[in-house]
Every structure is written in C-alpha cells, then in structure tokens.
Amino acid sequence: MSARKILLAYDGVKVAEVEETPVAEIGAVLERAQAAARMMGNLTRDERAQILFAGSRGLLANQEDFARTIALESGKPLREARTEVERAAGTLWASGEEAHRLAGEEIPLDAAPNGKGRLGYTMRQPVGVVAAITPFNFPLNLSMHKVGPAIAAGNAVVHKPASATPLSALKAAALLNDCGLPKDALQVVVGPGGELGRALVEAPAARLVSFTGSAAVGRQLAGLAGLKKVTLELGNNSAVVVLEDADLAMAAEACAAGAYVNSGQTCISVQRVLVASAVLPEFLERFTERARALRLGHPLEPETEISSLIEETEAQRVQGWIGEAVRQGARLVSGGGRSRATLQPTVLEGVRSESAVWRDEVFGPVACVNGFASLDQAIAMVNDSRYGLQAGVFTNRLDAALRCLREIEAGSVLINDSSNYRVDLMPYGGRKESGLGKEGPRYAVAEMSETKMISLRV
Ligand code: NAP
C-alpha cells in the first residue's frame with residue numbers, strides 16, 4: 001500500500017496522509033460489495049431510512065469537525081464549508097424520505113384485450129452495486145448525493161472520491177457505518193482516477209456508474225461503461241441574462257456571489273454575464289464593487305470569503321486564460337492577480353466568444369460581462385455553448401421570462417436567481433455536454449433502482 005499526502009493548496013502545508021487502495025484490490029472490494037448488496041436488499045425501506053436519518057443527525061452533531069476537514073482538504077473557506085455540511089445533512093435526510101416513498105405502481109393490464117384475468121404491478125429493486133466517483137469541489141455534499149440515494153434504493157456503494165479530497169468521504173463513511181449500515185455496504189477507495197476509477201467502471205460487478213466531474217473524463221467513462229447504467233453530472237460555462245428592466249442591485253449581488261463562491265469552482269458558477277447594453281455600465285459598476293469587496297485569506301480564518309483554488313497549477317491555468325482573453329481584446333476591469341494558488345476575483349468585459357474564458361469551463365473566480373442588443377441575441381448567446389446545465393435570468397417581464405424558460409437549452413432555468421442557485425432536492429442535471437441523468441435524492445433514487453414488471457394471473 002502507498003500513502004497519499006493531502007496538502008492545503010493555500011500554503012502547501014500537509015493536512016493528512018491516507019492509504020491508497022491498490023488497483024489489484026478492486027476485485028476483492030467489489031466481491032465484498034456484492035455480498036453487502038444482498039444484505040442491503042433485505043433491509044426494509046424504514047431500516048434504510050433510519051440509517052440515513054441517523055447519518056444526517058451525525059453530520060450536524062459534528063458540523064465543525066466536518067467543516068474543518070472540508071476547508072483543509074479543499075481550501076474552501078470555513079464559512080462555506082459549514083454550509084456544505086448543513087447541505088449534506090439535508091441531502092441524507094431527503095434520501096431517507098425517498099427510501100420511505102420508493103414505490104411501484106399498478107399497471108392496468110386488463111385495459112388491453114389480452115390482459116383479462118391478470119393483476120399488473122411494478123416493483124422497484126436495487127441495481128446491486130453502485131460505483132460512485134466524485135470531484136473535489138464539494139467533497140462532502142456531492143459524495144452524499146450519491147451515497148444517500150444509493151442506500152435509500154437498497155444498494156451497496158463503492159465510492160472513489162477525488163484524490164485531492166478523500167478525507168470528508170472517509171469520515172462520512174465511518175459515520176454511516178456507525179449508524180447501522182451492513183458491513184461493506186459503503187466502501188471508500190482512494191487512488192488515481194485514471195487507474196482506480198477506470199477499474200471500477202470496467203468491472204462487471206458494478207452495475208451502475210454515477211459520476212460527477214469534468215466532461216472530458218465523463219466522455220471517457222461513457223465509452224468504458226458499455227451496457228451499464230451511467231449517470232454523468234458534468235461541467236458548464238454558465239450564463240446569466242440581465243434584462244433592461246431587472247433589479248440591478250439584486251442581479252449584481254446574486255451574480256457576484258454566484259461567480260466567486262468557492263473561488264468559482266462550482267459546476268454552475270456564474271461565468272458569462274449577458275447584460276442589456278443600456279444598463280451595462282451601471283451593472284458593471286455594481287458587480288465590480290462587490291467583487292472588489294471580497295476578503296481573501298486562509299480558509300480557516302472566519303472572515304475569509306475567497307481562498308485558494310485546489311492547486312497552484314489550476315490558478316496558473318486560470319490566470320493564463322485571463323491573459324489570453326485580454327490579448328484577444330477583452331478589458332480587465334478588476335482582479336487578475338495571483339498569490340500561489342489564490343487568484344483575485346476577476347471581472348472581464350467585452351470578451352470574445354473564441355476566448356477560453358467564454359467558450360470553455362473556467363472553474364476559477366472569473367466572470368465575463370458582455371452586452372447584448374435584444375432578447376433574441378441574448379438567448380442565442382446563452383445557447384451558443386456545448387454545455388447546458390443551469391442558466392439564470394433577471395427580469396420582471398413575464399413575456400421575456402417565459403421565452404427564456406422555453407428557449408434556453410439547459411437542465412434548469414432560474415428567473416431572478418443566478419445560475420448558481422441550487423436546492424439539493426431539485427432535479428439536477430444537464431443537457432448537451434453537461435451530462436446524462438438527474439441527481440437530487442428523488443431523481444437519483446429512480447436512476448439507482450430498477451423497475452420490475454410483475455403480472456399475476458389469478
Ligand atoms: P475530474 O478531473 O473529472 O475528476 C472527477 C473524479 O473522476 C475524480 O474522482 C477523479 O479522480 C476521477 N477520474 C479522473 N480520471 C478518471 C478516469 N479516467 N476514470 C475514472 N475516474 C476518473 O473533475 P474535478 O477536477 O475533480 O472536478 C471538476 C469538474 O467537475 C468540473 O468540470 C465541474 O463542472 C464538474 N462538476 C460537476 C458537477 C455537477 O453536478 N454537474 C458538480 C461538481 C463538479 P482523481 O481525483 O484521482 O483524478
């Protein structure tokens with residue numbers, strides 16, 4: 001076994017060391033998971049729900065400990081990490097409620113000429129073993145978005161968290177095991193995605209692959225998974241439209257919060273802000289004022305609002321993209337500076353559509369603010385993307401709101417909220433290269449269970 005050092009990117013300090021799982025052990029891990037899946041399938045809905053409710057209470061009872069773990073492994077400011085723990089507790093609770101609700105339905109077989117004398121029903125059964133692969137940016141809540149629904153549906157889970165941030169997942173698994181999960185029903189494996197993650201996805205014993213991460217890796221996994229069920233929660237270059245009639249103070253505040261929270265390392269981070277040309281100067285002034293007011297610092301300092309990205313090389317990449325956009329004609333309104341892995345909140349104006357900061361997913365604290373002349377143009381600009389996860393629109397015009405709700409190609413369209421608004425129980429998942437399938441406990445439980453048709457001839 002080899003040990004992996006977990007470092008805080010903010011200052012390079014070592015936070016912990018964890019044992020990596022050798023790839024050669026994946027077969028044994030999955031065999032144990034298959035045995036556990038049989039035990040999980042025998043638990044009642046209420047037994048599964050009570051484990052999840054106890055896990056939810058446990059997260060809240062240990063909120064500070066979990067929040068410090070998240071902050072130290074990911075560089076996320078402690079104040080946001082506390083919120084992540086509350087959200088993760090809510091995700092487990094909602095998953096427990098879904099365990100109670102999981103049900104099939106009566107199928108009216110005798111509505112067909114050859115259905116006479118039969119009773120038809122569907123029942124919902126677990127898929128068996130779920131392979132869950134998660135990214136670094138919400139190391140606890142995104143893990144619970146897979147683990148909670150998988151348990152609710154009666155599955156065993158093998159979870160591979162991001163190599164940079166395995167600590168929250170390991171801690172949460174220990175907690176859930178103490179809440180009465182059958183032995184080996186939740187196993188966490190640590191190691192490089194390219195080897196360990198790939199081995200999990202290819203193994204026949206893993207019946208469903210639930211992946212959250214980048215589109216590049218998602219595409220590879222879809223190819224490897226063959227005939228398995230796959231859900232893919234991928235990236236975005238989220239757009240927000242601000243119309244001329246919008247409440248500009250509200251829009252600027254929500255967009256700035258949505259662009260810079262977690263240093264922009266959110267899959268629905270506000271990246272492209274499209275503002276009606278008539279109100280662009282006023283919006284830009286308000287937005288930039290908020291960006292400049294954000295306090296940078298160590299993630300454990302209580303006042304810190306912006307801390308480091310996950311790695312210094314990521315901060316260098318994002319800074320490179322900002323430089324490219326400026327060379328291609330954008331104006332640097334604010335920010336752009338970097339200290340090690342921490343990047344200042346950055347505002348760009350007049351960004352060319354071929355610049356990477358506009359076209360690709362930045363995953364850093366950068367917002368591009370561009371003007372538009374008409375609603376037609378704004379909708380076309382939003383849809384001119386290979387992604388389609390969430391989009392926000394600020395307007396009080398019912399006609400404009402309805403057009404945006406109908407015509408924007410995204411998994412969610414949010415009126416008078418930024419693209420970064422999410423409630424954990426909503427159906428969440430993208431179109432185009434943003435992914436396949438939905439998360440959110442109710443929807444993930446549906447993905448993680450099978451419908452079996454039953455016909456009783458009596
Ligand atoms: P990533 O590089 O794609 O990694 C995600 C996970 O996949 C990690 O556990 C990684 O392991 C593993 N992995 C990497 N290569 C693999 C392979 N060939 N086979 C199997 N597993 C592999 O993503 P990230 O940088 O951690 O996270 C950022 C991305 O996640 C962004 O694109 C963001 O938009 C997306 N995201 C989407 C959502 C959503 O719900 N739609 C939510 C959050 C984040 P290692 O860490 O060992 O490489």
Side-chain angles (χ1 to χ4, degrees), residues 4 6 9 18 20-21 23 26 73-74 76 84 87 91 131-146 158-169 188-203 206 209-225 228 230-238 261-271 309-311 313-314 317-318 360-364 385-390 410-412 419-420 422 424 426-440 443-444 447:
R4 169 172 286 270
I6 307 301
V18 290
E20 287 202 334
T21 314
V23 180
I26 282 293
E73 65 179 342
S74 70
K76 176 176 295 190
E84 183 175 345
R87 287 182 59 188
T91 302
I133 303 179
T134 52
F136 70 82
N137 60 330
F138 285 84
L140 183 63
N141 192 33
L142 291 179
S143 301
M144 295 307 99
H145 265 289
K146 304 204 180 300
V158 180
H159 176 203
K160 198 212 89 62
S163 296
T165 58
L167 304 177
S168 303
V188 177
V189 294
V190 177
E195 295 160 31
L196 206 58
R198 191 187 164 114
L200 260 184
V201 172
E202 287 182 324
V209 176
S210 177
F211 172 79
T212 301
S214 59
V217 174
R219 193 178 296 109
Q220 280 180 35
L221 297 192
L224 290 175
K228 286 177 188 177
V230 181
T231 60
L232 301 172
E233 300 291 335
L234 311 176
N236 202 29
N237 58 351
S238 308
V261 68
N262 202 20
S263 284
Q265 298 170 115
T266 306
C267 47
I268 43 178
S269 187
V270 174
Q271 181 174 329
L309 272 70
I310 191 68
E311 279 178 11
T313 50
E314 276 298 284
R317 173 190 59 79
V318 177
D360 298 324
E361 182 183 39
V362 175
F363 229 56
S385 166
R386 61 177 193 272
Y387 295 113
L389 185 51
Q390 295 211 137
S412 319
S419 58
N420 209 344
R422 180 178 183 186
D424 287 291
M426 66 197 214
Y428 186 77
R431 297 190 184 176
K432 301 194 264 186
E433 292 190 27
S434 290
L436 287 178
K438 296 283 181 207
E439 259 183 10
Y443 308 91
E447 304 270 5

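Order of listing sets the numbers, starting from 1, for every ligand and every atom in it. As the structure is a computational prediction, the values presented were derived from the model and not from experiment. If you read the sequence from its start, that first residue is 1, and numbering goes on from there.
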Pairing residues for [X] by the side chain to side chain donor-acceptor pair (under 3.5 Å) criterion, not counting sequence neighbours:
X    : result
T91  : N141
S434 : none
S168 : E73

Under a 3.5 Å distance rule, please check whether E314 uses its side chain to pair with a backbone N or O of E311 as donor and acceptor.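 Answer holds: no.
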Verify, without hydrogens or angle tests, whether E439 (side chain) and E233 (backbone) share a donor-acceptor contact under 3.5 angstrom.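 Side chain of E439 to backbone of E233: no pair is present.
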To the nearest 0.5 Å, what is the distance between CD (E361) and OG1 (T266)?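 Answer for the CD-OG1 pair, E361 versus T266, is 9.5 Å.
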With a 4.0 Å heavy-atom cut-off, what residues sit around ligand 1?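 Residue list for ligand 1: I133, T134, P135, F136, N137, L142, K160, P161, A162, S163, G191, P192, G193, G194, G197, R198, F211, T212, G213, S214, V217, Q220, L221, E233, L234, G235, C267, E361, F363, L389, Y428.
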